[in-house]
Amino acid sequence: MDLDERIERRRRGESERALVRDFDVLSPVTHLAEPNGRGPVLERLLDVLDPTFDGQLPGDAYVWGPKGAGKSAVVSALFGLLSEQNSRRRSTILTTTRAVAPPTTVFVYVDARYATSEFALYHDILDSIVEESVPEGGIGTADLRDRLHDELTGSTQAVVAVDHLNEFDTFSTAQVAELLDMSSVAYVAIGRDPPPSASDSPGETIAVDVDETVEVPRYEPHALVDLLTQRASLGLARGALSHPDIREVASWADGDAHDALAAVFGAADHALERGADRLTTADLEPGMEAVPWQSVSLGRVLALPENRQRILLRLLDLDAAAVSSVTAATDALTADPRVGLSATTVKRVLYELAEAGIVKRVETEGDSGLGRPPSRLEPQFPTRVFRRLVDLSGGD
DNA sequence: GATCCACGGGAATACACGGATG
DNA sequence: CATCCGTGTATTCCCGTGGATC
């Protein structure tokens, strides 16, 4: 995933002639260090963060936009760079003999998909601020919070970006605002929902009380084509994907880089399966086919605990009869020793995943008579990408 | 001993249907 | 005809237990 690894792979001469050089580059969960075509957003973010260049604390901000618009890509790249630069600058400040150093700003990027509890949130933030390792248990949440608070007084302040808010199972912006309500902390909340506008009815809008909002619009068609072109040139053999094909995927994806990359990934997977050395238009169809309409972010699926992913992986292998009801799927999955969980747990997890929108329950038509009708299970994430990525890392 | 968290078990509730009841 | 009831599934909800960590 990181550059070192990528270079090393090349050095070993791996898959030099193969159709797919590197699936990771094609993966929608991978963000390149230099995000593509998001210049104006970057400028806006720098405006928001401008006070930090004078040692001030910026206002809280909310970054929003649809799935696949590059929110995570831009913010994580920017924060990565800033924290790198600052740690460099911090070391130079330490060597100068100054009576009072201006407060140092640390930039922290946290993914709320992984930090799902208060404990985990404080832990992850603290972990990227201090050198020592932070305990992962056996200590109270309040203690962690206190420690974070102590760490950020006077000489050090923090700007914390918290990504993927307001999803099922992740914190809301309001919760983050409360949890990070500390004098030396500013946050950049990132989510999909538009901020409530003045004209909104006073309904159940998600409370966002921030000083700045930054909109990340979906990609323009040409920008998405550029992005795909770049990824394809890095991840696929030279000329493996034609320009017209790229344009077709881009237009199909309608500005959503996540879906577009997932489709190209899936197409490459399909071409690989049939032993081809380049992608043809015929590979695109199955590639797009494997990306459900209104697909759930692959990042959400890959953030699930390992055993949930195991269940999903095996679920993909089941035939139509076995996924025709939750109970049938449970039976089939429980019978598979690779799943290794009890029937009740599997069933509960399946319902859990359905409620989270990762699989969809569809009421079956054919009424078999008795009882409440069962529902069929349909995956709502890019299946080919998931299978391939999990198989790559999973082992077994 | 304290703390966080995942498992697992199972009770409680919801729903669909046909048939009985008033 | 409207409503209630019994049966069989599906779905949701809650909580005790135990592993891992400090």
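Keep in mind that the numbers below use all heavy atoms, side chains included, and drop hydrogens, waters and symmetry copies. Below, chains carry the letters A, B, ... as their sequence lines are ordered, and counting in each starts from 1. Given the structure is predicted, the values throughout are model-derived calculations rather than measurements.
A/R308 has its CZ atom 11 Å from the C1' atom of B/dG8, to the nearest Å. Atom CZ in A/R376 sits about 16 Å away from atom C1' in C/dA10, given to the nearest Å. Remark: P of B/dA6 and CD of A/E306 are 13 Å apart, rounded to the nearest angstrom. Atom CD in A/E352 sits about 17 Å away from atom C1' in C/dA10, given to the nearest Å.
Under a 3.5 Å cut-off, the side chain of A/R231 and the backbone N or O of A/L261 do not form any donor-acceptor pair.
Looking at residues two or more places apart in sequence or on another chain, you find a ring-ring contact (aromatic ring centres under 6.0 Å, His included) between A/F386 and A/F381.
Salt bridge annotation for A/R274-A/D283: present, with a cationic side-chain nitrogen under 4.0 angstrom from a carboxylate oxygen. A salt bridge does not link A/E215 with A/K71: none of the charged nitrogens is closer than 4.0 Å to a carboxylate oxygen. For A/E378 and A/R361, the salt-bridge test fails: no basic side-chain N is under 4.0 Å from an acidic carboxylate O.
At a non-hydrogen distance threshold of 4.0 Å, nothing from residues 110-125 of chain A comes into contact with DNA chain C.
Both the sub-6.0 Å distance and the 45° axial angle are not jointly satisfied by A/R147 relative to the ring of A/Y122.
Within a 6.0 Å sphere centred on NZ of A/K67, heavy atoms belonging to other residues, nucleotides or ligands number more than 12.
Note that CG of A/D256 is 8.0 Å distant from CG of A/L224, once rounded to the nearest 0.5 Å.
Contacts of A/S342 with the nucleic acid, taken as non-hydrogen atoms under 4.0 Å apart, involve only primed sugar atoms and P, OP1 or OP2.
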With the sugar-phosphate defined as primed atoms, P, OP1 and OP2, and the base as all remaining atoms, what B/S/- string results for nucleotides 11-22 of chain C, 5' to 3', for protein heavy atoms under 4.0 Å?
BBBB------BB
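The shortest distance between the side-chain N/O atoms of A/T345 and the OP1/OP2 oxygens of B/dG8 is below 4.0 Å.
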